[in-house]
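Data first, discussion second: the structure below is written as C-alpha cells.
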Amino acid sequence: MTREELYQSIYTHDTIYLPPHEQATAALEVSLGCSWHKCTFCDFAKDAFRIHPMERIVHDLKILAQLRPDDTRLFFLGENAFCMGAERLLAIIEEVRRSMPKVREYAMYSRIDDILRKSDQELKMLAGEGIQALHIGVESGSDSILEARKKGITSAEVIEALRRLDQVGIDYYVTVIPGLGGRSFSRLHAIETARMLNQVHPRNIWCLKLKLWENTPLYEEARRGGFEEMTPAEILREERLLIENLTVKDCLFEDTTVLDQFTIQGILPKQKGELLRAIDYLLSL
Ligand code: SF4
C-alpha cells in the first residue's frame, strides 16, 4: 500500500478536522460522532456516536506508527473523544506506548460534561499520563443562549470544569460562536461570553462565526422567524464588543471567518488594541 492508502485505511472520512493549533499533530481515530448530538446549530456531528473497539484502535496505531514513527504528540479523533472514561483513555495510552513509544502528549476534543463526569483524581492521573490539551466548544457564556441552542451546559459548569483543568495542569483551547444569539441577543452574547472567559485561563479563543446549515433545527427556526440571523458586519461588531470586554491573560485570540474572508489573530491582552483597530479597519471597508 502507498502512504496515501495507508492513511485512508485508518480514517472513516477523507477530511479530518483538527483545530488550528493541532494541524501538524498525528491523529488517531478512537471514536466517531458526538455523544450529545443535540445542539440546534450543529451540522458536523453526522455520524452515529460510537467508541471504536480496542482491536481497531491497536490495528490503526500500528499503521500510524509506520507513518509517523517519530511523533511525540497524538490527537485522539472523535467529536468529543474525552467522553470516554478514564480507564478507557488510560488503556489507549498504554497501547500508544507500545506502538509509538516517543509519544508523550495527547490532545482531543471534549465537551464540558465530559470533564465534569471525571473525578479530580482521574483528571490528575490523565494529566500525569500525558493528556496535555482539550479543545472545547463553549460557544457562549449566556445561559439563555446555551439553553435555547440546546448546548446542554451552563456557564457555571463551564467555569467549574475549566478551573478543574487549571488545577491539574491540562491546557484548554475554546471555541466561541459569534452570532449564536441572533440579532436580538447579540450584546448579551458578547458581554456574557467575556464575563465567563475572564474567570478562566484559555490558551486560545477561536471564534467561528455562526453558519446556518440547511439541515439543522436552527435553520428551521430562522425560516419560521424565531431566530434573526446577523450579517457578517453585525457579527464582527459583536466580536469587537467581546474583545473589548475580555481581560484574559496570555491567550491567543483568533477568528478565521471574519467577514467570510479574513483571519484576525492576536495575543490578549498585549495585542487587544491592534485587534480592535484591525476590526475597525475591516468594518470601514
Ligand atoms: S457538542 Fe459539539 S459536536 Fe456535539 S452536537 Fe453540540 S456542537 Fe455538535
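These numbers were taken from a predicted model, which means no experiment stands behind them. Just so you know, ligand 1 is whichever comes first in the structure, and atom 1 is the first atom listed for that ligand. Hydrogens, waters and symmetry mates are skipped; everything else that's a heavy atom, side chains included, is used.
- Residue Cys39 counts as close to atom 6 (Fe) of ligand 1, with an N, O or S atom under 2.8 Å.
- Judged by the 6.0 Å distance and 45° axis criteria, Lys118 is positioned over the aromatic ring of Phe82.
- Going from atom CG of Asp113 over to atom SG of Cys83 covers 9.0 Å, rounded to the nearest 0.5 Å.
- Those atoms of ligand 1 with a heavy atom of Lys151 less than 4.0 angstrom away are 1 (S), 2 (Fe), 6 (Fe), 7 (S).
- Interface atoms of ligand 1 facing Lys38, defined by a heavy-atom separation under 4.0 Å, are 5 (S).
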>> Test side chain to side chain contact (heavy atoms under 4.5 Å, CB included) on Leu116 and Glu160; report intermediate values, then the result.
In response: CA-CA 8 Å; Leu116 293 177; Glu160 183 193 338; 3.8 Å; yes
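- Pairing each heavy atom of Arg117 with each of Glu122, the nearest pair is O-OE1, 4.4 Å.
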> Going through the checks in order, is the ring-ring contact (aromatic ring centres under 6.0 Å, His included) test met by His135 and Tyr172?
Replying inline: CA-CA 6 Å; His135 296 263; Tyr172 44 92; over 10 Å; no
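- At a heavy-atom cutoff of 4.0 Å, ligand 1 is contacted by the side chain of Cys34 but not by its backbone.
- Of all the atoms in ligand 1, the ones that sit under 4.0 Å from a non-hydrogen atom of Arg111 are 1 (S).
- Atom 8 (Fe) of ligand 1 has an N, O or S atom of Cys42 under 2.8 Å away, backbone or side chain.
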